[in-house]
Amino acid sequence: MPFTASNQVFAMVDGNNFYASCEGVFQPSLKGKPVVVLSNNDGCIIARSNEAKTLGIRMGAPFHTVRDLIQRGKVKVFSANFILYGDLSARMMHLLGQFTPHLEIYSIDEAFLDLTGFQHLGLRRYGQDIKRSIQQWTGIPISVGVASTKTLAKLANHIAKKSAKANGVLDLTRPQYIERALSLVTVGDVWGIGRRYGDRLKGYGIHTALDLSRAKDDWLMKTFPVSMMRTVLELRGINCIKLESQVPHRKSIVVSRSFGALEPSLSELMQSVAAYTARAAERLREAQLATSMLSVFIRTNSFREYLPQYSNSALIELAVPTQSTSELIQAAQKALTRIYREGYEYHKAGVMLLNLVPASQIQQSLFDTVDRQKSERLMTAIDQINTDFGSGTLQFAAEGLRPRWRMKQERRSPRYTTSWEELAIVKA
DNA sequence: TCTGGGGTCCTAGGACCC
DNA sequence: TCTGGGGTCCTAGGACCC
């Protein structure tokens, strides 16, 4: 018996074309029109409405390579507006929480729901209820996949989104349907199998999720990392990946940006690194964490093979975990001077905070020269002002004023839900 | 001209120690 | 000059996810 019945029931819910759908929530005139959303720096396509997909605009395509398609197809183009998407996401997750005792928020637009014990309600009907509710209260269309493991729920969701018959909801808990479903899904579309493993598997004659579920265990174990075996067991209905409703605290915080066409000078690199550090430190305090290790990296544009290439990073350890922006900016600038070399066109820089610990665990060191309590009060005050009066109201001098290197965002929609200046205007 | 950003996990291999 | 095995820890790089 390849497919084990399990009592567990998971639903995987995600927003269809989430970012593009978010743009449509406050602009009903976009309905039925092709819409795309661009990455930071307006670099490439990160979301497409169904109509934009039909035009042949590929996910991840650099903006400039699809400019023609976009003009011909009269596609509406937006710069990413993550504040808006985050807010709509929070509303969606809040509603989903009312449908389950255990919710795992997996990404900005995806969640797993524990529906174990809900079978008597009719899982398909329950899924339709969820879908209707989210559509009604947020305006976001979603898809729902239901199955006995998270990997199968993902797969059910994948089919639900594509099949007209499913109408956005697929219940895959009954074993007799699983084989057929697995045969419909390309191996590369299975959760946990990416491009590389997908190609390798095809090389071995494994083309569908069904083929993969039938592969030999010992061969899998010696050919791939253990994560592959987990995926295969999950496809067979054996639970290996638990629902995580209590998210463990994150292990790293990264803030990085590319500079686009600009070639920053050393002083501009210094400013940008200071600004990224300040942003990372804000997120650190928001999560009530502290860091004792900071890494800075810079690199040239690897797409331009004809130019001299350079990429390096430097790690700075701090004696005591800290949340202080000024302390971190000092460390970051020290790291940058270590790795900076003249004569290169830098394309990207970033700051990583590592070794994160709960802020409550910070212990004063004997050799500590910083007055931590004073620094903490200052940071709290700065964060509060920036929350109340808008991000960037107060900033550190090291970040520079009106810098050239700030990213391009020429087509951002208003922050309808989070900014007083940008509320939707209703004409009656 | 123009190619995102932010995460996690796993493994291999080196350094080091006994 | 050649010669051992085993354990731990760390890091870099590769793979995956959204």
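Per chain, numbering begins at 1; letters A, B, ... match sequence-line order. Predicted, not measured: the structure shown is a model, and the values here were computed from it.
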field: Nucleotide nearest Tyr106(A) (side chain, heavy atoms from C-beta), chosen from dC18(C), dG5(B), dT3(B)
entry: dC18(C)
- line: Per nearest nucleotide of DNA chain B, the residue lying toward the 5' end, His347(A) or Val255(A), is His347(A)
- prompt: Heavy atoms under 4.0 Å, any strand shown: does Leu38(A) hit a base, just sugar-phosphate, or nothing?
  reply: nothing
- request: Using the six-membered ring for Trp and the full ring for Phe, Tyr or His, decide whether Tyr197(A) stacks on the six-membered base ring of dC16(C) (centres under 5.5 Å, planes under 30°).
  value: no
message: Taking the basic N atoms (NZ, or NE/NH1/NH2) and the acidic carboxylate oxygens, is any pair closer than 4.0 Å for Arg415(A) and Asp87(A)?
response: no
task: In whole angstrom, give the distance that lies between atom CG of Asn40(A) and atom P of dG6(B).
output: 7 Å
- request: Would you mind reading off the distance between His64(A) atom NE2 and dG4(B) atom P, rounded to a whole angstrom?
  value: 9 Å
message: Classify Thr65(A) by what it touches in the nucleic acid, base, sugar-phosphate, or nothing, heavy-atom distance under 4.0 Å.
response: nothing
message: What contact category does Arg230(A) fall into here, base, sugar-phosphate, or nothing, at under 4.0 angstrom with non-hydrogen atoms?
response: sugar-phosphate
Candidate list Leu307(A), Ile298(A), Thr300(A), test side-chain contact (heavy atoms from CB on, under 4.5 Å), partner Tyr344(A), passing option: Thr300(A)
message: On the nucleotide dC2(B), are OP1 or OP2 found under 4.0 Å from the side-chain N or O atoms that Arg67(A) carries?
response: no
- prompt: Touch check for Phe63(A), heavy atoms < 4.0 angstrom, all strands: base, sugar-phosphate only, or nothing?
  reply: nothing
message: Looking at Ser107(A), I'd like to know whether one of its side-chain N or O atoms comes within less than 4.0 Å of OP1 or OP2 on dC17(C).
response: no
message: Using the side-chain heavy atoms of Arg257(A), tell me which of these nucleotides is nearest: dG4(B), dT1(B), dG5(B).
response: dG5(B)
- request: Measure the distance from CE on Met59(A) to P on dC17(C) and round it to the nearest whole Å.
  value: 13 Å
query: What integer distance in Å separates Gln409(A):CD from dG4(B):C1'?
result: 12 Å
query: Are a donor atom and an acceptor atom from the side chains of Arg285(A) and Thr325(A) found within less than 3.5 Å of each other?
result: yes
- request: Could you measure between the two P atoms, the one in dT3(B) and the one in dC18(C), and give it in whole Å?
  value: 25 Å
- prompt: Are Glu23(A) and Lys76(A) ion-paired here, with the side-chain N under 4.0 Å from a carboxylate O?
  reply: no
message: Please confirm whether the shortest side-chain N or O distance from Ser252(A) to OP1 or OP2 of dT8(B) is below 4.0 Å.
response: yes
query: Rounding to a whole Å, what distance do you find between Phe297(A):CZ and dT11(C):P?
result: 18 Å
Any Lys154(A) side-chain N or O less than 4.0 Å from OP1/OP2 of dC16(C): no
query: Where the side chain of Lys251(A) is defined as all heavy atoms beyond and including C-beta, which of dC17(C), dC9(B), dC2(B) is the nearest nucleotide?
result: dC9(B)
message: Between C1' on dT1(B) and CG on Asn41(A), what's the gap in Å once rounded to a whole number?
response: 13 Å
- prompt: Can you tell which of dG5(B), dT11(B), dT3(B) lies closest to the side chain of Pro62(A)?
  reply: dT3(B)
- request: Look up atom CG in Leu38(A) and atom CD1 in Ile45(A), then write down how far apart they are to the nearest 0.5 Å.
  value: 5.0 Å
- request: With heavy atoms under 4.0 Å as the rule, sort Val351(A) into base, sugar-phosphate or nothing.
  value: nothing
- prompt: With both distances kept under 3.5 Å, what pairs with dC18(B), Watson-Crick or G-U wobble?
  reply: dG5(C)
task: Map Phe303(A) and Ile253(A) onto DNA chain B by nearest heavy atom, then report which one ends up closer to the 5' terminus.
output: Phe303(A)
query: Between Thr322(A) and Ser324(A), is any side-chain donor less than 3.5 angstrom from a side-chain acceptor?
result: no
statement: Side-chain atoms of Glu110(A) come closest, of dC18(C), dT1(B), dG5(B), to dC18(C)
- request: Would you mind classifying the nucleic acid contact of Asp42(A) as base, sugar-phosphate or nothing, using non-hydrogen atoms under 4.0 angstrom?
  value: nothing
query: When you check the phosphate oxygens OP1 and OP2 of dT3(B), does a side-chain N or O of Ser258(A) lie under 4.0 Å from one of them?
result: no
message: Categorize Ile108(A) for me: base, sugar-phosphate, or nothing, with a 4.0 angstrom heavy-atom threshold over every strand shown.
response: nothing
message: What is the separation between atom CD on Glu244(A) and atom C1' on dG7(B), rounded to the nearest whole Å?
response: 14 Å
query: Between dG6(B) atom P and Ile46(A) atom CD1, what is the distance in whole Å?
result: 12 Å
field: Pairwise distance CD(Glu376(A)) to OG1(Thr380(A)) - rounded to 0.5 angstrom
entry: 5.5 Å
